[in-house]
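None of these values were measured; they are calculated from a predicted model. Letters A, B, ... mirror the listed sequences (proteins, then strands); counts begin at 1.
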Protein chains: 2
Amino acid sequence: MNRPASSAEPVEASEDLDAIVEAIVFLYTESRRVTKGLAGRYGLTGPQLAVIKMLEPVGKLSLSELSWKIRARNSTVTGIIDRMEREGWVERRRSEDDRRVVHIALTARGKRLASSITIEPVTLFRRVLAELSERDARELSRILTRLARRVRELVVDLPEEGT
Amino acid sequence: MNRPASSAEPVEASEDLDAIVEAIVFLYTESRRVTKGLAGRYGLTGPQLAVIKMLEPVGKLSLSELSWKIRARNSTVTGIIDRMEREGWVERRRSEDDRRVVHIALTARGKRLASSITIEPVTLFRRVLAELSERDARELSRILTRLARRVRELVVDLPEEGT
DNA sequence: GGGGGATATTTCGTGTACGAAGTATTACGC
DNA sequence: GCGTAATACTTCGTACACGAAATATCCCCC
């Protein structure tokens with residue numbers, strides 16, 4: 001019941017597949033855990049740290065831009081910004097150009113906090129990646145990018161698979 | 001503090017690193033999204049589908065075993081089981097051997113549901129992986145496993161980095 | 001064999017995370 | 001210009017997800 005549906009050659013490197021899935025899950029969840037711990041030192045949560053680091057270089061972003069950058073939905077980010085505004089790290093400003101848009105900007109307190117945080121949220125992850133040999137980095141990038149593209153293709157025509 | 005520990009050559013293949021991070025995030029989140037959509041067809045959430053698929057082959061598991069398998073904390077799984085019990089898919093049974101332990105088992109209704117679900121939660125992911133050439137699968141497995149091990153090492157002595 | 005520590009689970013409080021529905025504003029078609 | 005669609009954001013309800021504290025039970029050792 002595990003035979004591959006589409007590829008002709010038999011894939012018996014099943015341990016490889018398991019290892020890949022496990023490694024990806026591990027890398028992702030572990031990087032989130034580390035980010036959370038890091039953020040905690042500054043009284044922040046993981047997403048809140050991400051928001052601050054996104055805002056620091058550019059000054060302000062619309063809520064939608066922020067949502068896109070941290071890969072969350074508007075309704076999620078609304079809540080995150082609510083809590084950050086409550087703590088006085090950011091403030092909302094209605095855009096003059098388009099009154100539907102809300103700009104999120106760091107307050108003075110938020111800026112001080114941002115500049116006191118030296119580590120990027122993804123540091124650990126990237127540090128480890130940077131240790132890869134150039135060849136391995138290239139290989140990994142090539143294969144993962146191909147995988148992602150393939151997933152994207154498959155997801156478009158979602159497998160309508162009734163029972 | 002960013003100098004690579006093991007590789008001598010400077011890593012300027014920064015686009016590769018970006019691509020890798022992005023691909024991993026994409027693959028992980030997309031696989032969750034697909035799982036969620038799949039589970040939704042059966043009136044389940046992603047984690048609930050995972051629980052049902054874990055229970056199906058073995059009959060019952062303690063809450064802790066379940067937590068370990070789906071990589072969540074006990075307090076999280078308690079909630080998931082609460083909701084699944086409310087819907088009549090699983091039931092709790094106090095262990096006879098050790099009265100601290102709670103066994104989670106599929107009900108008749110849960111078993112019917114489980115057997116009607118043909119797709120594994122990770123199917124899409126694995127299908128794409130299975131399309132890799134054997135060489136690429138081996139390479140990917142090798143590199144990711146090394147990355148994961150390295151992250152594990154680094155996380156142990158967490159970077160005590162005051163301000 | 002009784003007390004203290006370890007273990008399994010639950011409860012509680014907080015913070016994401018999402019989709020659906022609602023509100024306000026802008027853009028478009030004619 | 002006016003109605004309608006599109007866009008930006010918020011609100012609401014539900015479901016994770018986690019850590020800390022509480023509870024129940026077991027284990028060990030004196």
Colleague: Among dA17(C), dG15(C), dT9(C), which nucleotide has an atom closest to any side-chain atom of Thr76(A)?
Modeller: dA17(C)
Colleague: Please report the closest heavy-atom contact between Ser62(B) and Val101(B), naming both atoms and the distance.
Modeller: CB-CG1, 3.7 Å
Colleague: To the nearest angstrom, how far is Leu66(B) atom CG from dT9(C) atom P?
Modeller: 10 Å
Colleague: Counting only side-chain N and O atoms of Arg86(A), is one of them less than 4.0 Å from OP1 or OP2 of dG15(C)?
Modeller: yes
Colleague: From the list dT25(C), dC9(D), dG19(D), which nucleotide is the closest neighbour of the side chain of Thr78(A)?
Modeller: dC9(D)
Colleague: To the nearest angstrom, how far is Leu49(B) atom CG from dA15(D) atom P?
Modeller: 16 Å
Colleague: Measure from CD on Glu85(B) to C1' on dT10(C) and round the result to the nearest Å.
Modeller: 13 Å
Colleague: More 5' along DNA chain C: Val101(B) or Arg99(A), using each one's nearest nucleotide?
Modeller: Val101(B)
Colleague: Return no unless some side-chain N or O of Arg92(A) is found under 4.0 Å from OP1 or OP2 of dC9(D).
Modeller: no
Colleague: For Glu87(B), is there an ion pair with Arg83(B) - N to carboxylate O distance below 4.0 angstrom?
Modeller: no
Colleague: In the structure I gave you, are the side-chain heavy atoms of Ile104(A) and Leu61(A) within less than 4.5 Å of one another anywhere?
Modeller: no
Colleague: From the set dC18(D), dT11(D), dG19(C), return the single nucleotide nearest to any side-chain atom of Arg73(A).
Modeller: dG19(C)
Colleague: Please give, in whole Å, the distance from dA17(C) C1' to Lys36(A) NZ?
Modeller: 14 Å
Colleague: Whole-Å distance between dA15(D) C1' and Gln48(B) CD?
Modeller: 8 Å
Colleague: Output the single nucleotide from dA8(D), dC26(D), dT9(C) whose closest atom is nearest the side chain of Leu63(B).
Modeller: dT9(C)
Colleague: Would you kindly compare Ser64(A) and Arg32(A) by the position of their nearest DNA chain D nucleotide and give the one closer to the 5′ end?
Modeller: Ser64(A)
Colleague: Measure CZ/Arg94(A) against P/dT25(C) and give the value in whole Å, please.
Modeller: 7 Å
Colleague: Start at the 5' end of DNA chain C and walk down; is the nucleotide closest to Asn74(B) or to Thr45(A) reached first?
Modeller: Asn74(B)
Colleague: Between dT10(D), dA17(C), dT9(C), which one does the side chain of Ser62(B) approach most closely?
Modeller: dT9(C)
Colleague: Tell me: CD of Glu96(A) to P of dA8(D), nearest whole Å?
Modeller: 17 Å
Colleague: Can you check whether Arg71(B) has a side-chain N or O nearer than 4.0 Å to OP1 or OP2 of dC18(D)?
Modeller: no
Colleague: Could Lys60(B) and Glu65(B) be called an ion pair, given the rule that one side-chain N must be under 4.0 Å from one carboxylate O?
Modeller: no
Colleague: If you only use heavy atoms from C-beta on, which nucleotide in dA6(C), dT25(C), dC16(D) is closest to the side chain of Arg83(B)?
Modeller: dC16(D)
Colleague: With the side chain counted from C-beta on, respond yes when Leu55(A) and Lys111(A) share a heavy-atom pair under 4.5 Å apart, and no when they do not.
Modeller: no
Colleague: Taking 4.0 angstrom as the limit, do Glu30(A) and Arg32(A) come out as a salt bridge?
Modeller: no
Colleague: Once you round it to whole Å, what is the distance between P of dA17(C) and CZ of Arg33(B)?
Modeller: 16 Å
Colleague: Between the base of dT7(D) and the side chain of Arg100(A), is one N or O donor paired with an acceptor at under 3.5 angstrom?
Modeller: yes
